[in-house]
Undergrad: 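So that we are looking at the same thing, I have put the structure below in structure tokens.
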Amino acid sequence: MASDEKRITELDEATCRQLLASHHVGRVAINAEPSPEVLPVDYAVHRNGVIFHTGIGAKRAAAIRGLAATFQIDGVDAIRQAGWSVMVRGRLALTDEADFPDLPEPLAGGERPYVVHLSIDSISGRRIPPEVGWVMPGRVWHGQDATDLMG
């Protein structure tokens, strides 16, 4: 095993959920034709799901069909060679925007009248701390942007 592999540690569910709730831009991965697509979305967390706006296209089509999808967020400190990643797996569904009054407007703008809900069926995360001079905290992180996860 390479030395880099020893640096990867798993994040507990509480930390994953805290990271997910504290960020607002992520990537949703869906199986689309002719190949899988990974698309950025502005999102919010509501109960046990990730919600976001979309227009007509692959995300809406996948939600209508109730397809499985993966959602991912991350943070990287290239200078310190550290980072973290959280991944959610679940199923997509169209939902009513009235149920989610705090849903952020898409940064890209444009016509995105549909709201998609991704259930959080499973959530996991990993962290790569800096190579030296860092001790893993024994608690859920406290920094607003999760930089204390990187040392």
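Not measured: the values here are computed from a predicted model.
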Undergrad: Checking Phe71 now: which residues fulfil ring pair (Phe, Tyr, Trp, His ring centres under 6.0 Å) with it, not counting sequence neighbours?
TA: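 In terms of ring pair (Phe, Tyr, Trp, His ring centres under 6.0 Å), with neighbours along the sequence ignored, Phe71 is linked to Tyr43.
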
Undergrad: Go through Val41 and Arg27 one step at a time and tell me if the side chain to side chain contact (heavy atoms under 4.5 Å, CB included) criterion holds.
TA: CA-CA 6 Å; Val41 294; Arg27 290 165 288 285; over 6 Å; no

Undergrad: Could you walk me through whether Leu11 and Leu19 pass the side chain to side chain contact (heavy atoms under 4.5 Å, CB included) check?
TA: CA-CA 10 Å; Leu11 296 174; Leu19 285 164; 3.8 Å; yes

Undergrad: Show me the side-chain donor-acceptor pairs of residues 49-67 shorter than 3.5 Å, one per line, residues at least two apart or across chains.
TA:
from, atom 1, to, atom 2, distance (Å)
His53, ND1, Pro104, O, 3.3
His53, NE2, Glu97, OE2, 2.9

Undergrad: Distance check, rounded to the nearest 0.5 Å: Ile73 atom CD1 versus Cys16 atom SG?
TA: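 Ile73 CD1 to Cys16 SG: 8.5 Å, rounded to 0.5 Å.
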
Undergrad: For the residue pair Pro129 and Ala82, what are the closest heavy atoms and their distance?
TA: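 Closest heavy-atom pair between Pro129 and Ala82: C-CB, 3.9 Å.
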
Undergrad: Is there a side-chain contact between Ser85 and Gln72, using heavy atoms and a 4.5 Å cut-off?
TA: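 They are in side-chain contact.
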
Undergrad: Calculate, to the nearest 0.5 Å, the distance between atoms CG and OG1 belonging to Leu20 and Thr15 respectively.
TA: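 So the CG of Leu20 and the OG1 of Thr15 are separated by 12.5 Å.
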
Undergrad: Start with the C-alpha distance between Arg17 and Val86, add both sets of side-chain angles, then the distance that settles side chain to side chain contact (heavy atoms under 4.5 Å, CB included), and finish with yes or no.
TA: CA-CA 9 Å; Arg17 286 183 179 273; Val86 171; over 6 Å; no

Undergrad: Which residues satisfy the salt bridge (Lys or Arg N to Asp or Glu O under 4.0 Å) test with Arg126, sequence neighbours excluded?
TA: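 Counting only residues at least two positions away or on another chain, Arg126 forms no salt bridge (Lys or Arg N to Asp or Glu O under 4.0 Å).
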
Undergrad: Would you tell me whether Ser124 and Glu10 have side-chain atoms, one donor and one acceptor, within less than 3.5 Å of each other?
TA: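 No.
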
Undergrad: Please enumerate all residues that pass ring pair (Phe, Tyr, Trp, His ring centres under 6.0 Å) together with His46, with sequence neighbours excluded.
TA: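 In terms of ring pair (Phe, Tyr, Trp, His ring centres under 6.0 Å), with neighbours along the sequence ignored, His46 is linked to Phe100.
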
Undergrad: Rounded to the nearest 0.5 Å, what separates atom CZ in Arg47 from atom CD1 in Ile120?
TA: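 Here the interatomic distance stands at 13.0 Å.
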
Undergrad: How many angstroms lie between CD1 in Ile30 and CG in Leu118, if you round to the nearest 0.5 Å?
TA: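 Nearest 0.5 Å value for the CD1-CG distance: 11.0 Å.
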
Undergrad: Taking only residues two or more places apart in sequence or in another chain, which ones pass side-chain contact (heavy atoms from CB on, under 4.5 Å) with Leu107?
TA: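 Listed in chain order: Val25, Asp42.
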
Undergrad: Test your reading of the model: is there a side-chain donor-acceptor pair from Thr95 to the backbone of Val115, 3.5 Å cut-off?
TA: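 A pair under 3.5 Å: no.
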
Undergrad: Please tell me whether Val45 and Leu92 are part of a single hydrophobic cluster in this structure, the criterion being side-chain heavy atoms less than 4.5 Å apart.
TA: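 Val45 clusters together with Leu92.
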
Undergrad: Without placing hydrogens or testing angles, list every side-chain donor-acceptor pair under 3.5 Å for residues 33-40, not counting sequence neighbours.
TA:
none

Undergrad: Going from CD on Glu13 to CD on Gln18, what distance comes out if it is rounded to the nearest 0.5 angstrom?
TA: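 One gets 12.5 Å once the value is rounded to the nearest 0.5 Å.
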
Undergrad: To the nearest 0.5 Å, what is the distance between OG1 on Thr9 and CZ on Arg127?
TA: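 Rounded to the nearest 0.5 Å, the OG1-CZ separation comes to 4.0 Å.
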
Undergrad: Run the side chain to side chain contact (heavy atoms under 4.5 Å, CB included) test on Ile128 and Trp84 for me, step by step, so that the C-alpha distance in whole Å, both residues' side-chain angles and the decisive distance to 0.1 Å come before the verdict.
TA: CA-CA 6 Å; Ile128 301 173; Trp84 57 267; over 6 Å; no

